[in-house]
*Asks:* 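Below are the structure tokens for one structure; questions will follow.
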Number of protein chains: 2
Amino acid sequence: MFRNRILASLSPDALAHIAEHSQHRGMKAGEVIYENEAHVTHAVFPERGVVAIMAEMRDGRSVQQGSVGYEGFVGYAIVLGGGTALGRSVVLVAGEALWVPIAAFDQALLRFMSVRDAMLRYGQAHTIELMQLVACSSLHPADQRLSRWLLQTSDRMQAESFYLTQDAMAKTLGLRRATINMICGELMDAGAIDYSRGNLTVTDRAKLEARSCECYDRIRQAYFSRQKQQGLP
Amino acid sequence: MFRNRILASLSPDALAHIAEHSQHRGMKAGEVIYENEAHVTHAVFPERGVVAIMAEMRDGRSVQQGSVGYEGFVGYAIVLGGGTALGRSVVLVAGEALWVPIAAFDQALLRFMSVRDAMLRYGQAHTIELMQLVACSSLHPADQRLSRWLLQTSDRMQAESFYLTQDAMAKTLGLRRATINMICGELMDAGAIDYSRGNLTVTDRAKLEARSCECYDRIRQAYFSRQKQQGLP
DNA sequence: GGATTTATGACCGATATCGTACATAGCGAA
DNA sequence: TTCGCTATGTACGATATCGGTCATAAATCC
């Protein structure tokens, strides 16, 4: 039914309620969903494609603080009760998403246990991801971080091939394009990826995992293998 | 009554319920509160001192993923419904804390709106902090990060002086002790801090702010902006 | 088909940080 | 007091990454 994993996990009545009030929209690459601290009007559940949450610094440099694909949603601030976006969300790889108005979403949170459970699960995975990313970007060299990030993006795309320029990768990882270029060359020489003018393919996932840091596995586990949860009022 | 800002913000009935079932304990520097993924039995609200949440990598390197002082608590995993610690929490600067058993805490969450509100507020601030730290550790040089971190630690201590070895700072920021030593020298030359054998004093907060990155302000705002200034020294 | 834009590959010197090692000063214990 | 431990200051070469620039190939537009 829904590719989005959170939506797919909801009980039928919750899903019916949400779907009734929502709409499907395409996401074009580069499109900004929310500016940082913008008023959040919808929870956006990607069905396909990847949204990057970006930090933009005063000096113009930027770096990704997290990303969202079919396994999550944009607008976590709603759950935290803030109402303003925690970062700048930009479409990194084009796709489409379900836009759920905040009123319908809040009501669903209130009414359906399956929605609350899903939010707790996502909140936990998301928090673990953020914590691991703090460590990763402090400790791990650029080639390992890029390898990790390519694997994560491939996971979130549920695809081995997608469109991404070196420039986009550089902005995302807070590195220079020249550095990305060099590492991409190494990864191609190693046969881990194939790359040409934005058309990126992960050709050998095992090789890419070998070149990435332990953070990839830890984050993947946070999203894909923690299931025990308890309900919260 | 309570120095801990979360406890201080609770309604009298909630506070009475929590205090009744809890106990005060000292925290010695170096003491481990929870190992990573350990079973969480208490929510720990520091009254004084600072607890660091550490990531430990397979190669033995470590780095701080966040820290907790009088403005927060250790055991956020409880709120997320996980029950297992999200990182390794270690006492960085000695102090004392209120230990609230998980049963009493869950009950308070269920029963008192003020507890739920406090958790949402803290969750939001904590999430913003993590996101900013991801950006900071990707983009900002060691001297700015150390300056930011000293300011944050001073804030969490509500004091200008505290005990911290260069070795502890190095482990915390994921840098070499030699690097810390160099930067501390610069900060002392600039008159921003005073330092000798672990006895650290922030002598000129303004100078330290000037040398730190914008991340300090952003994180401080996340924790302190929607409340009255709570006696920052 | 030619012009323009986009994305790349590559190069330079500069600099921040690393890994390691070693010598010394203060401090507490015996 | 003397000893031993802890914390420090410092030095060296190695390496990763930066900042900036330029040339070129592919794609796109007219």
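Chain A is the first sequence line, chain B the second, and so forth, proteins listed ahead of strands; every chain is numbered from 1.
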*Asks:* Looking at residues at least two apart in the chain, or sitting in another chain, which of them share a ring pair (Phe, Tyr, Trp, His ring centres under 6.0 Å) with A:His42?
*Replies:*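 Checked A:His42 against ring pair (Phe, Tyr, Trp, His ring centres under 6.0 Å); matches are A:Trp99.
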*Asks:* Which residues pass the side-chain contact (heavy atoms from CB on, under 4.5 Å) test with B:Ala142, not counting sequence neighbours?
*Replies:*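 Scan of B:Ala142 (side-chain contact (heavy atoms from CB on, under 4.5 Å), adjacent residues dropped) gives B:Leu175, B:Thr179, B:Ile183.
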*Asks:* Residues in side-chain contact (heavy atoms from CB on, under 4.5 Å) with A:Thr84, at least two apart?
*Replies:*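 In terms of side-chain contact (heavy atoms from CB on, under 4.5 Å), with neighbours along the sequence ignored, A:Thr84 is linked to no residue.
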*Asks:* Suppose we screen for side chain to side chain donor-acceptor pair (under 3.5 Å). Which residues come up paired with B:Glu186, at least two apart in sequence or across chains?
*Replies:*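 Side chain to side chain donor-acceptor pair (under 3.5 Å) list for B:Glu186, sorted by chain: empty.
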*Asks:* Which residue, B:Asp167 or A:Arg145, contacts DNA chain D at a nucleotide closer to its 5' end, judged by nearest heavy atom?
*Replies:*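 Of the two residues, B:Asp167 wins.
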*Asks:* Tell me the ring pair (Phe, Tyr, Trp, His ring centres under 6.0 Å) pairs involving residues 140-177 of chain A, sequence neighbours left out?
*Replies:*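 Qualifying pairs: none.
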*Asks:* I'd like the 5' and 3' limits of the part of DNA chain D contacted by chain A, with heavy-atom contacts below 4.0 Å.
*Replies:*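 Extent of the interface on DNA chain D: D:dT17 to D:dA27.
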*Asks:* Starting at the 5' end of DNA chain C, which residue's closest nucleotide do you reach first, A:Ser138 or A:Ala178?
*Replies:*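 By nearest-heavy-atom nucleotide position, the 5'-most residue is A:Ala178.
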*Asks:* Quick one: which residue pairs count as a salt bridge (Lys or Arg N to Asp or Glu O under 4.0 Å) with a foot in residues 129-153 of chain B, not counting sequence neighbours?
*Replies:*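 Output for this query lists B:Glu129-B:Arg156.
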*Asks:* If the condition is side-chain contact (heavy atoms from CB on, under 4.5 Å), which residues does B:Met188 pass it with, not counting sequence neighbours?
*Replies:*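 side-chain contact (heavy atoms from CB on, under 4.5 Å) list for B:Met188, sorted by chain: B:Ile193, B:Asp194, B:Tyr195.
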*Asks:* Sequence neighbours left out, what passes side-chain contact (heavy atoms from CB on, under 4.5 Å) with B:Asn4? Give chain and number order.
*Replies:*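 Expected list: B:Ile6, B:Leu7, B:Phe45, B:Pro46, B:Glu47.
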*Asks:* Give me the bend of the helix from C:dG1-D:dC30 to C:dA30-D:dT1, using the axes of the five pairs at each end, rounded to 10°.
*Replies:*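 Computed angle between terminal axes is 40°.
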*Asks:* If a pair satisfies salt bridge (Lys or Arg N to Asp or Glu O under 4.0 Å) and one of its residues is in residues 83-93 of chain A, list it, with sequence neighbours excluded.
*Replies:*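 For residues 83-93 of chain A, and leaving out neighbouring residues, the salt bridge (Lys or Arg N to Asp or Glu O under 4.0 Å) pairs sorted by first residue read A:Glu35-A:Arg88, A:Glu56-A:Arg88.
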*Asks:* Could you check which residues of residues 191-200 of chain B get a heavy atom under 4.0 Å from DNA chain D? Sort them by number, please.
*Replies:*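 Hits under 4.0 Å, by residue number: B:Tyr195, B:Arg197, B:Gly198.
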